[in-house]
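Since the structure is predicted, the reported quantities are computational estimates derived from the model, not experimental observations.
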Amino acid sequence: MIENTTASMRNGVTSVAFLASALITGGNDAFIGDQEKAGKQQLLNSDRLPAEMDEGRAAFEAVGFTFGEPDPADPLFLPATLPTGWTRQAGDHDMWSYVIDEQGRRRVAVFYKAAFYDRSAFMRLVSVTSYVWDHVHAGAPLITDDTWSTSAAIADACRVAVRNAQDHIDTWTEHDKPEYVAKYTAERDQYAAILTQHDTTQEQQ
C-alpha cells in the first residue's frame, strides 16, 4: 500500500510525528527524507504506477503494460501490470525508480515525491538516446535488439550526440576553455566509435 502522505497529514495521522521530529531535530528535513524513502519503497513493493505518463497511456500499452483505473482514494496512482519479464528497480535517488526489461535495460523512469507538502508522481519511457547516454556516461551495458535499441536507432542517437558534442567543442574553443574542449572531444569520440559499430547505412553503400 502506498501511503497518501498529504491525506495523512491533513487527517492528523502523521502531523504529531512531524511536529515531534521538528522539535527534536530543530528542523523537518529528516522527517521529509524518511517520508520520501518510505514512499519509494512502498511504490516498489506495490502493483501501482503513476497515473501521469509523459508519452500517454497508449504508448505504455504499446510496449506491453496494462492498466486499471486510478485509485479513487489516491488518484496519483493506478493498478499496473508490467510487460512479461520486466521488473521494478530502485534508483539511487529517493524520488526515482525504474522498470527494467528482461535484459536488465531501464525502459521506464518513475518519479515519486512522497513529501506531504508537494506530493507528485509521473513516469516516462526511456528513449534510446537516454539509453546510449547511460552507456557513455555511466558505463551501462549497450545491448541491441530488433525492436527497440536497434543498431539503426543507436546510430541515429549517436549522430545527434556527435553533432551536439561538436557544437560544445566549437563554443568552448571560441572561449579558450581547453578543459571543456577536451571533455567534449572525448565525449564526441566515444559516440563516434559507437556510431561506427552500428551505422548500418555504411554497409549498404
Side-chain angles (χ1 to χ4, degrees), residues 1-18 21 28-135 138 140-150 153:
M1 176 180 175
I2 303 173
E3 179 190 2
N4 186 333
T5 53
T6 302
S8 295
M9 183 62 73
R10 288 173 180 165
N11 295 334
V13 177
T14 59
S15 57
V16 174
F18 175 72
S21 175
N28 52 30
D29 289 350
F31 180 89
I32 292 170
D34 289 344
Q35 202 169 55
E36 290 173 346
K37 288 184 177 70
K40 174 177 149 181
Q41 198 58 46
Q42 290 164 7
L43 177 57
L44 285 167
N45 293 333
S46 76
D47 65 347
R48 299 294 196 264
L49 283 172
E52 181 179 338
M53 309 174 200
D54 281 6
E55 296 82 4
R57 184 165 172 165
F60 284 82
E61 291 174 337
V63 296
F65 285 87
T66 58
F67 299 106
E69 294 307 311
D71 187 342
D74 190 4
L76 205 63
F77 297 101
L78 42 64
T81 301
L82 309 184
T84 302
W86 292 27
T87 56
R88 298 169 187 254
Q89 179 191 64
D92 294 334
H93 194 281
D94 289 339
M95 297 181 197
W96 287 98
S97 60
Y98 300 89
V99 177
I100 61 174
D101 65 16
E102 67 279 4
Q103 299 194 66
R105 301 173 299 184
R106 289 179 173 177
R107 300 294 300 274
V108 178
V110 182
F111 175 86
Y112 174 38
K113 185 176 183 180
F116 71 91
Y117 63 90
D118 189 25
R119 189 168 181 260
S120 60
F122 67 87
M123 62 181 178
R124 62 170 177 254
L125 294 168
V126 174
S127 66
V128 174
T129 297
S130 294
Y131 179 57
V132 177
W133 190 97
D134 282 341
H135 171 70
L142 190 62
I143 302 170
T144 58
D145 62 25
D146 296 328
T147 57
W148 180 61
S149 59
T150 64

Full working for side-chain contact (heavy atoms from CB on, under 4.5 Å) between L142 and V132: CA-CA 7 Å; L142 190 62; V132 177; 4.2 Å; yes

Residues D74, R119; criterion salt bridge (charged side-chain N to carboxylate O under 4.0 Å, His left out); working and verdict: CA-CA 11 Å; D74 190 4; R119 189 168 181 260; 2.7 Å; yes

Stepwise side-chain contact (heavy atoms from CB on, under 4.5 Å) check, F65 with L49: CA-CA 10 Å; F65 285 87; L49 283 172; 3.8 Å; yes

side-chain contact (heavy atoms from CB on, under 4.5 Å) between T5 and Y117, worked out: CA-CA 8 Å; T5 53; Y117 63 90; over 6 Å; no

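Checked by atom type and distance alone, the side chain of H135 pairs as donor or acceptor with a backbone atom of A140 at under 3.5 Å. A donor-acceptor pair under 3.5 Å is formed between the side chain of R88 and the backbone N or O of L43. Formation of a donor-acceptor pair under 3.5 Å by the Q35 side chain with backbone atoms of F116 is found in this model. A distance-only check finds no donor-acceptor pair linking the side chain of E55 to the backbone of R124 [under 3.5 Å]. Using modelled atom types, no side-chain atom of S120 and backbone atom of K113 make a donor-acceptor pair closer than 3.5 Å.
Under the side chain to side chain contact (heavy atoms under 4.5 Å, CB included) criterion, T66 pairs with T81, sequence neighbours left out. With sequence neighbours excluded, the residues forming a side-chain hydrogen bond (donor to acceptor under 3.5 Å, both in side chains) with E102 are W86, listed by chain and number. Residues passing the side-chain hydrogen bond (donor to acceptor under 3.5 Å, both in side chains) test with D145 are R105, sequence neighbours excluded.
Annotation: D146, atom CG; neighbour count of heavy atoms from other residues, nucleotides and ligands within 6.0 Å does not exceed 12.
Rounded to the nearest 0.5 angstrom, E52 CD and L76 CG are separated by 8.5 Å. In this structure, CZ in F122 is found 13.0 Å from CE in M53, a value given to the nearest 0.5 Å. Within the model, atoms CG of D101 and CG of L82 stand 11.5 Å from one another, a figure rounded to the nearest 0.5 Å. Remark: S130 OG to R107 CZ distance equals 12.0 Å, nearest 0.5 Å.
The residues R57 and E69 are annotated as salt-bridged, a charged nitrogen and a carboxylate oxygen being separated by less than 4.0 angstrom. Here E36 does not pair with K40 in a salt bridge; the nearest charged N to carboxylate O distance is not below 4.0 Å.
Shortest non-hydrogen contact noted between P75 and A51 is O-CB, 3.6 Å. Among all heavy-atom pairs drawn from Q89 and R106, the shortest one is OE1-NE, 2.9 Å. Contact between L44 and A90 at its shortest, heavy atoms only, is CD1-CB, 3.6 Å. In terms of heavy atoms, A109 sits closest to V126 at N-CG2, 3.9 Å. In plain terms, the two heavy atoms of G68 and L78 that are nearest each other are O-CD2, 3.7 Å. Scanning all heavy atoms of the two residues, the minimum distance from A73 to N4 falls at O-ND2, 3.7 Å.
Separation of the Y131 and W148 ring centroids falls under the 6.0 Å cut-off.
Between M1 and Q42, the closest side-chain pair of non-hydrogen atoms is not below 4.5 Å.
Of the residues Y98, F77, W96, the one that meets the ring pair (Phe, Tyr, Trp, His ring centres under 6.0 Å) test with Y112 is F77.
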